[in-house]
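In what follows, a single structure is set out as structure tokens and then discussed.
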Amino acid sequence: MLGTVRINDRPLRLGYLVDPNNREQVRRAIRLSSSLWGGTYFPIIPLYHRTPNSWLEHGHRPKAQTAILGYIDAFDPDVLVQLSASVPTFVEQRGVRIIKPHEVWPQLSSGNTAPQF
């Protein structure tokens, strides 16, 4: 035997991209997560244009891009769900698949009772 391969199974991890000032997008992310196994661990990633003043530390705030990419790196989602109106280019360039919320659950009229993602 030349080596060992270790395979771990885990559920697909989604991340939700929301406008932090849009309560309906945040609620929709929570509702969608509530319908999925492991959904309590899916991050809701706020797409700040400018980080909040409350993040001020030592006279500096982190850049919004740094904070957003930090969330994506820390939570390592397999798929991003776009609830926001648009997605910044730097997020698209990460190479993580971005889907719309209606793609998570296919139409129930087709007889499917399981989520697509």
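Along the sequence shown, residues carry numbers from 1.
- Here the straight-line distance linking atom CG of Leu47 with atom CD of Gln25 works out to 8.5 Å at 0.5 Å rounding.
- The side chain to side chain donor-acceptor pair (under 3.5 Å) pairs that include a residue from residues 11-22 are Tyr16-Ser33, where partners are two or more places apart or lie in different chains.
- Side-chain atoms of Thr51 do not come within 3.5 Å of backbone N or O of Ala64 as any donor-acceptor pair.
- Cluster partners of Leu56: none. The rule joins Ile, Leu, Val, Met, Phe, Trp and Tyr whenever side-chain heavy atoms lie under 4.5 Å apart, and it links nothing here.
- Between Leu36 and Val104 the shortest side-chain heavy-atom distance falls below 4.5 Å.
- Pairs engaging residues 21-48 under the ring pair (Phe, Tyr, Trp, His ring centres under 6.0 Å) rule: Tyr48-Trp55 [sequence neighbours left out].
- Residues Val81 and Val96 are members of separate hydrophobic clusters, defined by side-chain heavy-atom contacts under 4.5 angstrom among Ile, Leu, Val, Met, Phe, Trp and Tyr.
- Sorted by first and then second residue, the salt bridge (charged side-chain N to carboxylate O under 4.0 Å, His left out) pairs with a member in residues 76-90 read Arg10-Asp78; sequence neighbours excluded.
- For the salt bridge (charged side-chain N to carboxylate O under 4.0 Å, His left out) condition, the pairs that include at least one residue of residues 57-74, sequence neighbours left out, are Asp73-Arg94.
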Working for side chain to side chain contact (heavy atoms under 4.5 Å, CB included), residues Leu83 and Leu17 = CA-CA 6 Å; Leu83 294 161; Leu17 302 174; over 6 Å; no

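- Taking Phe75 as the reference, Pro43, Tyr71, Pro77 meet the side-chain contact (heavy atoms from CB on, under 4.5 Å) condition, with sequence neighbours excluded.
- For Gln82, the side-chain hydrogen bond (donor to acceptor under 3.5 Å, both in side chains) criterion is met by Lys100, not counting sequence neighbours.
- The salt bridge (charged side-chain N to carboxylate O under 4.0 Å, His left out) contacts involving residues 37-46 comprise nothing, where partners must be two or more places apart or lie in separate chains.
- Note on Leu69 and Val87: same hydrophobic cluster, where clusters join Ile, Leu, Val, Met, Phe, Trp and Tyr whose side-chain heavy atoms are under 4.5 Å apart, directly or indirectly.
- Annotation: side chain of Pro88 is not in contact with side chain of Gln65 (no heavy-atom distance under 4.5 Å).
- Under the 4.5 Å side-chain heavy-atom criterion for Ile, Leu, Val, Met, Phe, Trp and Tyr, Ile45 and Ile30 are members of distinct hydrophobic clusters.
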ask   = Does the pair Val18 and Ser84 meet the rule for a side chain to side chain contact (heavy atoms under 4.5 Å, CB included), with working shown?
value = CA-CA 5 Å; Val18 300; Ser84 60; 5.7 Å; no

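- At a threshold of 4.5 Å between non-hydrogen side-chain atoms, the residues Leu12 and Val79 count as touching.
- Contact of the Leu80 side chain with the Leu14 side chain is not registered, since no non-hydrogen atoms from C-beta on lie closer than 4.5 Å.
- The side-chain hydrogen bond (donor to acceptor under 3.5 Å, both in side chains) test applied to Arg31 returns Glu24, not counting sequence neighbours.
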